[in-house]
Undergrad: 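This is the structure, below, for whatever I ask next.
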Amino acid sequence: MYFSKLLIPTLKESPADAEVASHKLMVRAGMIRQLAAGIYSILPLGLRVLKKVEAIIREEMNQVGGQEVFLPSIQPAELWQESKRWDFYGKELLRFKDRHNREFCYGPTHEEVITDIIRKDVKSYRQLPVILYQIQTKFRDEVRPRFGIMRGREFMMKDAYSFHTDEADTQKTYAEMAQAYANVFTRCGLEFKQVQADSGTIGGSFSHEFAVLADSGEDEIAFCNSCNYASNIEMAESKPKAGYERFPDPPQAELKEIHTPGKKSVEEVAEFLKLPRDQIVKTILLENENGLVAGLVRGDHEINPIKMKNLIGCEWLLPAAEKTINEKLGVPCGYIGPVNLDIPIYADQEVTTLGSFVTGANKADTHFTGVQVERDLKINKSGDLRLILADDPCPRCDEGKYQVKRGIEVGHIFILGTKYSEAMKAVYLDNNGKESPMIMGCYGIGVGRTAAASVEQNHDEKGIVWPRNLAPFEVIIIPVNFKNDDLKNTCESLYTQLKKEGVEVILDDRQDRLGGKLKDADLIGFPLQIIVGPKNLEEGKVEIKIRKTQESQLHPYPQIVNDIPNILKDL
RNA sequence: CGGGGCGUAGCGCAGCCUGGCUAGCGUACCUGCUUUGGGAGCAGGGGGUCGGAGGUUCGAAUCCUCUCGCCCCGACCA
């Protein structure tokens with residue numbers, strides 16, 4: 001391809017509204033343009049990158065037996081009402097009506113559509129398992145899209161769905177998918193981790209995320225510095241520290257009311273009573289479909305609402321509004337405590353191991369000391385309820401400690417169980433003629449997000465550094481002066497020969513001066529630059545420059561054609 | 001949804017507070033000449049209903065009201 005024939009509108013300056021590197025650079029490199037909040041046009045160079053990601057995904061999906069389909073992006077409300085998600089999905093689901101006043105939505109995901117297909121056309125255990133996938137535009141009306149195509153409202157996604165007769169077969173496909181995902185992200189040149197995750201509104205029992213490590217990531221990833229345990233911080237399991245010193249009061253500690261005027265926060269109470277924070281227990285109030293609930297964690301810990309929601313087994317769980325608390329309990333925030341508190345109480349496991357502790361007394365300006373779990377509290381359920389902290393002990397090995405880093409979720413795999421197949425009656429007959437719901441798995445990759453994540457991990461002050469497998473072109477030929485006939489002919493001949501060798505090459509045929517062309521090449525991030533100038537050419541040589549290292553060296557000219565494939569191998 | 005910020009040429013910005021010449025600068029773009037190995041120089045040129053509507057005024061990019069859009073922080077979502 002000739003550079004001048006492609007629409008590659010590079011910019012010298014970053015757009016004012018871009019925050020993160022991938023957003024700035026993809027706009028500057030002429031790959032994407034914004035149309036509306038969270039909605040982007042993909043320009044020729046950007047599309048070449050996305051197509052590279054897609055091609056890798058297709059190969060890996062086909063490898064594990066996936067069959068590609070293409071489902072409608074517009075979906076009728078009836079399907080979503082059947083799965084109950086019409087009500088539960090919320091405002092993120094973009095809904096609208098057609099001219100006949102029928103309700104539709106723009107698909108944010110395709111479990112309903114795929115389940116509808118399978119239930120109609122798959123009836124026998126002989127037809128299972130089936131794995132279908134598609135690469136297609138999704139729309140999720142996010143409250144706050146940001147970071148370019150990293151988190152758009154409209155975005156390209158690969159979604160795959162599998163249907164099985166039994167749990168073991170589902171697990172097998174799940175494991176193969178996990179491997180396929182690892183292959184995809186490895187081939188995309190990404191440093192990533194497979195982490196344990198919550199399944200959110202998709203539902204289901206079991207799930208992992210693939211997180212690309214990057215400071216601009218919106219997720220927090222917790223992983224062991226010794227073994228291979230890794231989890232989204234939302235799900236990261238806590239393990240009580242061995243040999244932890246319990247509150248040193250004797251077991252017969254007395255429940256005492258003390259006056260603590262104006263001391264609301266754990267810090268204030270700890271300082272006032274001259275106690276460490278871990279001898280105070282926080283009572284956090286949240287609200288679910290059944291009303292207020294209380295969560296107890298040690299003063300030096302924070303509650304993890306996701307873990308708490310899973311422990312309770314409720315539909316939803318949100319922090320309670322201060323107004324609700326005051327109305328229902330008649331106690332100002334800061335003095336709430338679990339003693340004689342008449343709502344369901346859930347305690348973190350590390351609270352139940354404390355000998356005695358301090359809590360609010362459900363009375364303004366008052367706390368209890370000497371509170372004991374067994375004697376003073378009615379706890380509905382206790383378990384792991386807290387957010388882990390860096391340096392906490394690893395839950396899977398003895399010597400490891402948690403490290404916490406930021407990550408970008410580029411892929412997510414779930415075992416759905418029978419949530420959709422039961423709601424939508426996707427059943428099969430087994431070899432006894434008995435009807436059962438199919439067991440499902442689903443598997444997603446954000447295509448644009450994967451490309452953006454690659455830029456986050458691979459860029460420098462000059463621009464993008466594409467790994468070879470994602471680069472829009474592998475090689476750019478840059479003539480120092482394209483008006484010079486010798487150079488022009490050499491470049492064109494080199495271009496033709498490389499193309500014949502199967503190298504993806506672009507020739508910068510623009511009349512611009514050298515500087516501008518080199519800046520653009522670095523900005524866009526072609527892995528290899530071949531610079532053809534008159535002086536070197538007289539000596540039968542051309543300059544080759546590696547984008548990543550900025551190292552350049554002279555190479556004999558006709559010979560270079562044969563050497564390029566080898567040089568590219570290492571990029 | 002709560003808080004904050006910004007809308008002036010493709011992109012980046014000044015001008016607004018304190019209303020007043022033909023709305024400016026950089027860059028990009030077009031023409032010509034020169035230049036040509038790391039974002040050239042000179043000369044000439046095109047491109048704006050100053051986000052929109054209404055109001056105040058002799059006069060509005062500038063003041064007032066409403067409205068739309070975009071961005072950031074948080075909450076939310078995955």
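Residue numbering restarts at 1 for every chain, and letters A, B, ... go by the order of the sequence lines. Only heavy atoms go into these numbers, but all of them, side chains included; no hydrogens, no water, no symmetry mates.
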Undergrad: Have H459(A) and E456(A) got a donor and an acceptor in their side chains that come within less than 3.5 Å?
TA: no
Undergrad: For nucleotides 31-36 of chain B, print each protein N/O atom paired with a nucleotide N/O atom at under 3.5 Å, atom names and distance only.
TA:
{"residue": "rU35(B)", "atom": "O2", "partner": "R513(A)", "partner atom": "NH1", "Å": "2.8"}

Undergrad: Please list, chain by chain and in numerical order, all residues satisfying ring-ring contact (aromatic ring centres under 6.0 Å, His included) with F192(A), sequence neighbours excluded.
TA: F185(A)
Undergrad: With a 3.5 angstrom cut-off on both distances, give the Watson-Crick or G-U wobble partner of rC70(B), or none if there isn't one.
TA: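 Base partner found: rG5(B).
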Undergrad: Between E13(A) (CD) and rA14(B) (P), how many Å, whole number?
TA: 12 Å
Undergrad: Using the P atoms only, state how far rC17(B) lies from rC64(B), rounded to an integer number of Å.
TA: 9 Å
Undergrad: I32(A) CD1 to rC11(B) P: how many Å, rounded?
TA: 14 Å
Undergrad: Distance check needed: rA75(B) P versus E142(A) CD, whole Å only.
TA: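 Whole-Å distance recorded here is 15 Å.
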Undergrad: Find the partner of rC77(B): check Watson-Crick (N1-N3 plus N6-O4 or O6-N4) and G-U wobble (N1-O2, O6-N3) distances, both under 3.5 Å, and reply none if neither fits.
TA: none
Undergrad: In whole Å, what separates the P atom of rC21(B) from that of rA60(B)?
TA: 12 Å
Undergrad: Say we look at rG4(B) and rC66(B): how far apart would their P atoms be, to the nearest angstrom?
TA: 15 Å
Undergrad: Could you name each residue pair satisfying salt bridge (Lys or Arg N to Asp or Glu O under 4.0 Å) that touches residues 542-561 of chain A, not counting sequence neighbours?
TA: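 Every salt bridge (Lys or Arg N to Asp or Glu O under 4.0 Å) pair that includes a residue of residues 542-561 of chain A, provided the two are not neighbours, is D460(A)-R547(A), D522(A)-K545(A), D522(A)-R547(A).
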Undergrad: Across all strands shown, which nucleotide pairs with rA43(B) by Watson-Crick or G-U wobble geometry, both distances under 3.5 Å?
TA: rU31(B)
Undergrad: Compare the minimum distances between each of rC70(B), rG12(B), rA78(B) and the side chain of F414(A), then state the nucleotide with the smallest one.
TA: rA78(B)
Undergrad: Please pick, from rG37(B), rG38(B), rG12(B), the nucleotide with the shortest atom-to-atom distance to any side-chain atom of K535(A).
TA: rG37(B)
Undergrad: Determine the contact category for E19(A): base if any of its heavy atoms lies under 4.0 Å from a base atom, sugar-phosphate if only primed atoms, P, OP1 or OP2 are that close, otherwise nothing.
TA: sugar-phosphate
Undergrad: Run the ring-ring contact (aromatic ring centres under 6.0 Å, His included) test against H301(A) and tell me which residues pass, sequence neighbours left out.
TA: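 With sequence neighbours excluded, H301(A) shows a ring-ring contact (aromatic ring centres under 6.0 Å, His included) to no residue whatsoever.
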Undergrad: Once you apply a heavy-atom cut-off of 4.0 Å, does G516(A) come out as touching a base, just sugar-phosphate, or nothing?
TA: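 Base contact - G516(A) has a heavy atom under 4.0 Å of at least one base atom.
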Undergrad: Round to the nearest Å and state the distance from L7(A) atom CG to rC29(B) atom C1'.
TA: 14 Å
Undergrad: Base, sugar-phosphate or nothing for Q550(A)? Non-hydrogen atoms, less than 4.0 Å.
TA: nothing
Undergrad: Would you say E422(A) and T418(A) are linked by a side-chain donor-acceptor pair, where the criterion is simply a distance under 3.5 Å?
TA: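 A donor-acceptor contact under 3.5 Å links the two side chains.
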Undergrad: What integer distance in Å separates K519(A):NZ from rA28(B):P?
TA: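 Going from NZ in K519(A) over to P in rA28(B) covers 14 Å.
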Undergrad: Given the C1' atoms of rC63(B) and rG19(B), what is the spacing between them in whole Å?
TA: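 Between the two C1' atoms, the distance is 8 Å.
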Undergrad: So which nucleotide does rC25(B) pair with, by the Watson-Crick or G-U wobble rule with both distances under 3.5 Å?
TA: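 Because both required distances fall under 3.5 Å, rC25(B) counts as paired with rG12(B).
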Undergrad: What's the gap between rU49(B) and rG2(B) when it is taken at their P atoms, as a whole Å value?
TA: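 Result for the P pair: 33 Å, nearest Å.
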Undergrad: What does rG19(B) pair with, Watson-Crick or G-U, if both distances are under 3.5 Å?
TA: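 The base-pairing partner of rG19(B), which may sit in any strand shown, does not exist here.
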Undergrad: Can you tell me if Y443(A) and H412(A) form a side-chain donor-acceptor pair at under 3.5 Å?
TA: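 Their side chains do not contain a donor-acceptor pair, so the 3.5 Å distance test is not met.
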Undergrad: May I ask you to decide whether E237(A) forms a salt bridge with K307(A), counting only side-chain N to carboxylate O separations under 4.0 Å?
TA: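 Looking at E237(A) and K307(A), the cut-off is not met.
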Undergrad: Could you tell me how far apart K12(A) (NZ) and rC29(B) (C1') are, to the nearest whole angstrom?
TA: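 Atom-to-atom, K12(A) to rC29(B), this comes out as 13 Å.
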Undergrad: What interatomic distance, in whole Å, is found between P of rC58(B) and the corresponding atom of rG52(B)?
TA: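 Per the computed distance, 24 Å lies between those P atoms.
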Undergrad: Give E209(A) one of three labels, base, sugar-phosphate or nothing, depending on what nucleic acid heavy atoms sit under 4.0 Å from its own.
TA: nothing
Undergrad: For the pair made of CZ in R146(A) and P in rA78(B), what is the distance, rounded to whole Å?
TA: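 About 15 Å, once rounded to whole Å.
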Undergrad: Filter on ring-ring contact (aromatic ring centres under 6.0 Å, His included), then keep only pairs touching residues 9-41 of chain A, sequence neighbours left out; what's left?
TA: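 Listed by first then second residue: H23(A)-Y40(A).
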Undergrad: Is R48(A) close enough and on-axis enough to F473(A), meaning under 6.0 Å and within 45°, for cation-pi?
TA: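 Yes, a cation-pi geometry holds between R48(A) and F473(A).
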Undergrad: Under 4.0 angstrom, heavy atoms only, what part of the nucleic acid is K545(A) near: base, sugar-phosphate, or nothing?
TA: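 Since a base atom lies under 4.0 Å of K545(A), the category is base.
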Undergrad: At under 4.0 Å between heavy atoms, what does P534(A) touch on the DNA or RNA strands: base, sugar-phosphate, or nothing?
TA: base
Undergrad: On a whole-Å scale, what distance lies between the C1' atoms belonging to rG20(B) and rG59(B)?
TA: 7 Å
Undergrad: Looking only at side chains, do N183(A) and Y181(A) share a donor and an acceptor under 3.5 Å apart?
TA: no
Undergrad: Using the C1' atoms only, state how far rU62(B) lies from rA75(B), rounded to an integer number of Å.
TA: 37 Å
Undergrad: Ignoring the backbone of L514(A), work out which of rC76(B), rG37(B), rC71(B) is nearest its side chain.
TA: rG37(B)
Undergrad: In this structure, are over 12 heavy atoms from other groups packed under 6.0 Å from K84(A) atom NZ?
TA: no
Undergrad: Any idea which of rG37(B), rC71(B), rC76(B) is nearest the I531(A) side chain?
TA: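 The answer is rG37(B), which lies nearest to the side chain.
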Undergrad: Which heavy atom in S73(A) sits nearest to a heavy atom in H110(A), and how many Å separate them?
TA: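 Scanning both residues completely, I find the closest heavy atoms to be CA-NE2, 4.2 Å.
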Undergrad: Taking N or O atoms only and anything under 3.5 Å, show me the protein contacts with nucleotides 1-9 of chain B, one pair per line.
TA:
none

Undergrad: Write down the partner of rA61(B) under the Watson-Crick or G-U wobble criteria, each distance required to be under 3.5 Å.
TA: none
Undergrad: RNA chain B: A37(A) or S14(A), which has the more 5' nearest nucleotide?
TA: S14(A)
Undergrad: Would you say the side chain of R151(A) and the base of rC77(B) hold a donor-acceptor pair, judged only by whether the two atoms sit under 3.5 Å apart?
TA: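 A donor-acceptor contact between them is present.
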Undergrad: Between D522(A) and D219(A), just flag the one whose closest nucleotide in RNA chain B comes earlier from the 5' side.
TA: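 Checking each residue's closest nucleotide, the 5'-ward one belongs to D522(A).
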Undergrad: Would Y161(A) and Q134(A) count as having a side-chain donor-acceptor pair, cut-off 3.5 Å?
TA: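 Result is no, nothing qualifies.
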Undergrad: Could you state the atom-to-atom distance from CG of L11(A) to C1' of rG39(B) in whole Å?
TA: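 Atom CG in L11(A) sits about 14 Å away from atom C1' in rG39(B).
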